[in-house]
Amino acid sequence: MPEVKLVNVTKRYGKIVANDNVNLTIKDGEYVSVIGPSGCGKTTLIKNTAGIIRPDRGEIYIDGELVNDLPIEDRGIGYVFQNIALFPHMTVWDNITYGPRVRGWSPEEARPLAIEMLEMIKLSARSDAYPYELSGGTQQKTAVARALISRAELLLLDEPLGALDIKVRGRLRYELRRLVKDLRLTALHVTHDQEEAMSISDRVVVMKSGRIVEAGKPFDLYTRPNNIFTANFVGEANFLKGVVTQVSDEGCLVEIADGLQLMTDSRDERVGDLVAIAFRPEFASIGDNEMSNKLTGNVVDVIYSGSIVRLKVELTNGDLIVVKKVLGFQRTGFGIGDSITVNISPRNILMYPYPKEGLYKELALD
Amino acid sequence: MPLIRLANVSKRFGEITALDHIDLSIEDGEYVCVLGPTGAGKTTLLRTIAGLLEPDEGEIYIEGRLVNKVPPEERSAVYMFQQFALFPHMNVWDNVSFGPFIKNWENDKVERVTSEILDMVRLGGRRDALPSELSGGMQQRVALARGIASGARILLLDEPLGALDARLRVELRSQLRRLVKDQRLTAVHVTHDQEEALMIADRVVVLRNGMIEQIGPPHTVYSKPQSIFVASFVGGANFIEGNLAKVEDSGSLIEVRGGLQIRVSGRGGTIGERVVVAVRLEDVSVGSGEAVGSNNLSGRIESATFIGGSIEYTIRLENDIVLTSKILLSDAFKAYKTGERVVVSFLPDRCYLFPYPKIGLPKEIEAI
């Protein structure tokens, strides 16, 4: 169970800084995912760790050993690509035992390991099958087995589920995590799918423009993101611009328009500061209860998706917010044009300094 | 009169029947999503409408005219590939105005239409950029703009958001729908992402093995699945095997493993018949206290997985059945720990009752 440590790792491609002073420690046995929009540097990070590319600056340690000059095959890692890279003319068995064969192991040495790997991915009965006879999900599991047969203890996964159908992807997540935990591996997993990252990892790292924006446990990252970019990238959020008008022991009072004020339990700003406040659509409740924060507006759109309904609400100052509800047993009674009151508890209102470049630019995904 | 009508359309590739006697009518201005797993025939359906494939059997009508023999460019429909095929050496403006240009429209009309559409997809400021200088999301918007600028009334979209990052995909969903509605276009959009289909479409067509399994407004397909396949593919569900024990006025009693009984509001079938009860993950609620009354079952939390916005619990019941519950976070949210004793409950009218599938339950769902 190795520990991985990246210290001040920088990698440039021409003018583009793909990894910009990245510092990250992955603990022994930890499952860490890296997420971020296209071009944020997450693939460069995993390739640096694997030894597929070399950083321009900084050090990479695996189990305390500096590995910058160590080739990929000597780093004790298993690497799984997005595009399932099985040899099409080889059976599952031959694919899995490929590594040991090229290392010059005898078939007798490789055999027990291959049997163990096949049992692990529950594919013992299909060892004679060719890749094209298997579903995409099963092919990718074979690729994982092939990566692990060399007794690698560090598993590097580069969009491992990216090429699969959404339904299959959802199922394989859990299998992948269980495998890593059962075998006591350390895993670094790169994905563009934040839901996948949340459900599979012990810790999630958010990247943007070559830098690590924030890292944390999935639940913390979702409910208390430290950074406004994270609040937007991880899950849905409503953003409103405001000015802090009062700071007390309970938190800040933020004015978002004439007569529209919201209380947040956050106290990081001072009176007069321009701020962006954010809240998750599912933390807003509809109806008039005794909470301190109330916003009133008109429903301008009702969007269903399965059991969930999103109401788009235009506030009295013209701002738009989205409220998300689970459909109960009675269908939602709300329609376009209805006037509603939305409540948000102060502890669910996040507050950030207003971005210098403007909100739209700060949150842009492309 | 429907804008597009398929009557008894079949298409075979060798031994595979990609489309098997499809009947489908699409109204003017409608946004239809075609949903199904890989190999269901979605792309074949779209290409047949586009005219890129000719059906072996059946008729296709557009605006009331039989178009089986009409070439793609004369069908007032534009087919957009999954991998947006922009001209790499042309800038955004030239890519978008390409259609109007070859149609010999007058210069000022080309100018007006192109800039209007670029503004609409919010790329008015990037008209001189080459595709390689744009992100995937922007390229996709350019491709859309080009499709719209061609003057076609029908957009045929094959996984239009498939090549994009998950987060961006979600953002572009509503933009796509608004664009189609604002321009009064008709869209047929193929996807394997059920959430996307449920959010964008006026009507969803669920395809399976070349046949239409169910068709209807998103909410109906979701809340009234007509088969185990639809319940599983659209939204997902817990599936519990059992036998029909009793039929009453208010519904049926199903005996499941361990002698437990589940009450469902559906009726039908013969006593003793093997059946499957489906319950949506989000219809299974988790609480504490005693298990009293029907469909209140006690068990232990086996795992809790946070998936961003909601939590999924798996609960092992006393009869060893494992149920999954999905709870949306809310202000009143209470978390349960692994190993904790809980009571799960679900309402009889949120249970779907199906006959046991001939090919077996695992196989019926595995196909997905």
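Lettering of chains follows the sequences in order, A, B, ..., and the numbering in each one begins at 1.
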Counting heavy-atom pairs under 4.5 Å to chain B, which of M198(A), H192(A), R177(A) comes out on top? H192(A)
Pick whichever of R173(A), E282(A), K324(A) has the most heavy-atom pairs under 4.5 Å with chain B. E282(A)
Give, as side chain, backbone, both or neither, the part of [X] having an atom under 4.5 angstrom from any heavy atom of chain A.
| X | answer |
| --- | --- |
| R169(B) | side chain |
| E196(B) | neither |
| R280(B) | neither |
| S330(B) | both |

Is chain B contacted by the side chain of [X], its backbone, both, or neither, given a heavy-atom distance below 4.5 Å?
| X | value |
| --- | --- |
| I35(A) | neither |
| R310(A) | side chain |
| D301(A) | neither |
| T191(A) | neither |

Considering residues at least two apart in sequence or located in another chain, which fulfil the side chain to side chain contact (heavy atoms under 4.5 Å, CB included) criterion with Y360(A)? R122(B)
NZ of K334(B): more than 12 outside heavy atoms within 6.0 angstrom? yes
Is it true that atom NZ of K181(A) has more than 12 heavy atoms of other residues, nucleotides or ligands lying nearer than 6.0 Å? yes
Per-residue tally against chain A (heavy atom, under 4.5 Å) across S303(B), G309(B), A201(B) peaks at G309(B)
Would the distance check show the side chain of T138(A) and the main-chain N or O of L134(A) forming a donor-acceptor pair, the cut-off being under 3.5 Å? no
Salt bridge (charged side-chain N to carboxylate O under 4.0 Å, His left out): pairs with one or both residues in residues 213-225 of chain A, sequence neighbours excluded: R224(A)-D265(A)
Identified side-chain contact (heavy atoms from CB on, under 4.5 Å) counterpart of F283(A) within the set N238(A), N343(A), V323(A), N348(A): N348(A)
Counting the benzene-type ring for Trp, do F233(A) and F229(A) have ring centres under 6.0 Å apart? yes
E282(B) and L328(B), any side-chain heavy atoms less than 4.5 Å apart: no
